[in-house]
Amino acid sequence: MDVTYIVGRINGLFNIINEEIYSKESGLTYHADKKVKKLGYSVNLTLDTIEEARIQGVDMMVTHHDAWGELYELKEACIEKLAEYGISHYYNHLPLDDCNFGTNDSLLTKLNLEIVKRTHEWEGLYFGRVAESDEEIEFKELVNRMVNLLEEPVKFWRFNDKKVKRVGLVCGNGAPTDCLKEAVENECDVYITGECNLSTIQYAQFKRINLIIGSHTFTELFGIESLALKLNENIKELEVVRLNEGHY
């Protein structure tokens, strides 16, 4: 089927409230001008994921991240490689963080937590959540759930002795202290995200909120997986495969 048809079906999954922001935060970055039979999904567009797509015989890649401008020559190198292999590419960033099947909602569902509030608003879209457990659980139990789910080690800091009831989450890069501050203001026991720095840790210690830090990529994997599987449900003849990425 045609690439533009697939992009149209993807766009139909979203409640687009701001066309300008949606077009800035998602879109087709390379059109190989060939029919698509097999689609591969990953969080990142890199030379490695493009090579994985070639190995798996993929006609189109769908990712959460584009190769951003701050990666300098990488985007140009990726487009050159996509052109060489004849693989189209589409990405969806902030709308996927915001939607009810995206990065944050998918991770919380797999952690068996119930979403109670959308948080971290930008331009009418929300890239964070507050969720709760049905019953209070031990902090280490939540850490173990993250390790098992992400299939990678996680970093964690315990700054209070309470059991966990209320969790704040920003998938991906929730390292800025203003992101953490919103979880504090929502009286969360734990804050989960995919990146941190010294100020994140120091502010968490000051505010006595526990931290769990997975990787940027694998906290966001389940959102792009959900998008690909929804697309597969809508287009039965489209084969969908996961493109493996390394744990950093």
Side-chain angles (χ1 to χ4, degrees), residues 41-44 46 48-49 63-65 93 96-97 101-120 126-184 186-226 242-248:
Y41 66 90
S42 60
V43 174
N44 300 294
T46 66
D48 286 344
T49 54
T63 68
H64 183 43
H65 298 142
H93 189 231
L96 191 65
D97 293 327
F101 60 84
T103 55
N104 294 290
D105 288 45
S106 294
L107 180 58
L108 289 169
T109 297
K110 287 183 177 292
L111 288 171
N112 198 29
L113 299 172
E114 183 178 355
I115 298 157
V116 297
K117 186 177 182 181
R118 302 167 79 216
T119 59
H120 300 81
Y126 295 82
F127 60 92
R129 299 289 188 271
V130 170
E132 292 186 351
S133 174
D134 287 341
E135 297 180 355
E136 290 184 339
I137 59 174
E138 295 291 343
F139 175 62
K140 193 60 185 295
E141 167 61 23
L142 185 57
V143 170
N144 289 338
R145 288 186 194 179
M146 284 286 291
V147 169
N148 292 333
L149 186 59
L150 273 55
E151 298 181 343
E152 63 184 7
V154 302
K155 294 290 186 180
F156 60 93
W157 289 263
R158 183 159 201 165
F159 294 129
N160 67 63
D161 295 326
K162 296 188 294 184
K163 289 187 176 182
V164 176
K165 178 67 176 177
R166 196 167 175 90
V167 174
L169 170 70
V170 172
C171 282
N173 184 13
T177 50
D178 57 348
C179 290
L180 174 55
K181 183 174 183 288
E182 192 156 346
V184 171
N186 279 285
E187 299 182 333
C188 295
D189 306 308
V190 178
Y191 178 60
I192 299 174
T193 189
E195 292 194 18
C196 76
N197 51 43
L198 178 60
S199 59
T200 318
I201 300 166
Q202 289 178 332
Y203 189 63
Q205 184 176 28
F206 170 61
K207 287 296 185 178
R208 312 297 293 172
I209 182 172
N210 293 332
L211 282 178
I212 301 176
I213 312 294
S215 68
H216 191 135
T217 295
F218 285 87
T219 56
E220 296 192 314
L221 171 64
F222 305 107
I224 195 66
E225 180 176 71
S226 177
R242 173 178 165 181
L243 304 175
N244 294 320
E245 297 188 72
H247 292 263
Y248 299 111

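Sequential numbering from 1 along the given sequence is applied to the chain's residues.
When atom types are taken as modelled, the side chain of S42 and the backbone of L243 share no donor-acceptor pair closer than 3.5 angstrom. Panel note: side chain D105, backbone F101; no donor-acceptor pair is recorded below 3.5 Å. With hydrogens and angles ignored, the 3.5 Å screen pairs no side-chain donor or acceptor of D97 with any backbone N or O of G128. A donor-acceptor distance shorter than 3.5 angstrom exists from the side chain of T193 to the backbone of G174, with no hydrogens or angles considered. A side-chain donor-acceptor contact under 3.5 Å links N104 to the backbone of C171.
Annotation: the span from L111 atom CG to I192 atom CD1 amounts to 5.5 Å, rounded to 0.5 Å. In this structure, the separation between CD1 on I137 and CG on L142 is 4.5 Å, given to the nearest 0.5 Å. From T177, atom OG1 reaches atom NZ of K181 across 9.5 Å, with rounding to the nearest 0.5 Å. Distance check: T200 OG1 to L211 CG gives 7.5 Å after rounding to the nearest 0.5 Å. A distance of 4.5 Å separates SG in C179 from OH in Y191, rounded to the nearest 0.5 Å. In this structure, NZ in K140 is found 10.0 Å from CZ in R158, a value given to the nearest 0.5 Å.
Remark: Y203 OH is packed, more than 12 non-hydrogen atoms of other residues, nucleotides or ligands lying under 6.0 Å away. The number of heavy atoms from other shown groups lying within 6.0 Å of CD (E114) does not exceed 12. Applying the 6.0 Å contact sphere to NZ of K165 captures more than 12 heavy atoms from other residues, nucleotides or ligands.
The shortest side-chain heavy-atom distance between V170 and F127 falls under the 4.5 Å cut-off. Two residues are said to be in side-chain contact when any heavy atoms from C-beta on lie closer than 4.5 Å; C196 and I201 meet this criterion. Between E187 and V130 there is no side-chain heavy-atom pair separated by less than 4.5 Å. Proximity of R129 to K117: side-chain heavy atoms (C-beta onward) are nowhere separated by under 4.5 Å. Looking at S215 and Y248, their side chains never come closer than 4.5 Å, going by heavy atoms from C-beta outward. Side-chain atoms of L149 and F222, non-hydrogen and from C-beta on, do get closer than 4.5 Å to each other. The side-chain heavy atoms of I213 and W157, taken from C-beta on, include a pair separated by under 4.5 Å. At a threshold of 4.5 Å between non-hydrogen side-chain atoms, the residues V184 and R208 do not count as touching.
Here the shortest heavy-atom pairing between N44 and T49 reads O-OG1, 3.0 Å. For L113 against A131, the heavy-atom pair with the smallest separation is CB-CB, 3.9 Å. Contact between H93 and H64 at its shortest, heavy atoms only, is O-CE1, 3.1 Å. Of all heavy-atom pairs spanning F159 and I209, the tightest one is CD1-O, 3.4 Å. Of all heavy-atom pairs spanning T219 and M146, the tightest one is CG2-CE, 4.5 Å. F218 and E245 make their closest contact through CZ-O, 3.5 Å (heavy atoms, listed as atom of the first residue, atom of the second, distance).
We find that K162 and D189 are joined by a salt bridge, their nearest charged nitrogen and carboxylate oxygen being less than 4.0 Å apart. Comment: E138 engages K163 in a salt bridge, judged by a side-chain N to carboxylate O separation of less than 4.0 angstrom.
A donor-acceptor contact closer than 3.5 angstrom is absent between the side chains of E151 and H247.
In this structure, H120 has its ring center no closer than 6.0 Å to that of Y126.
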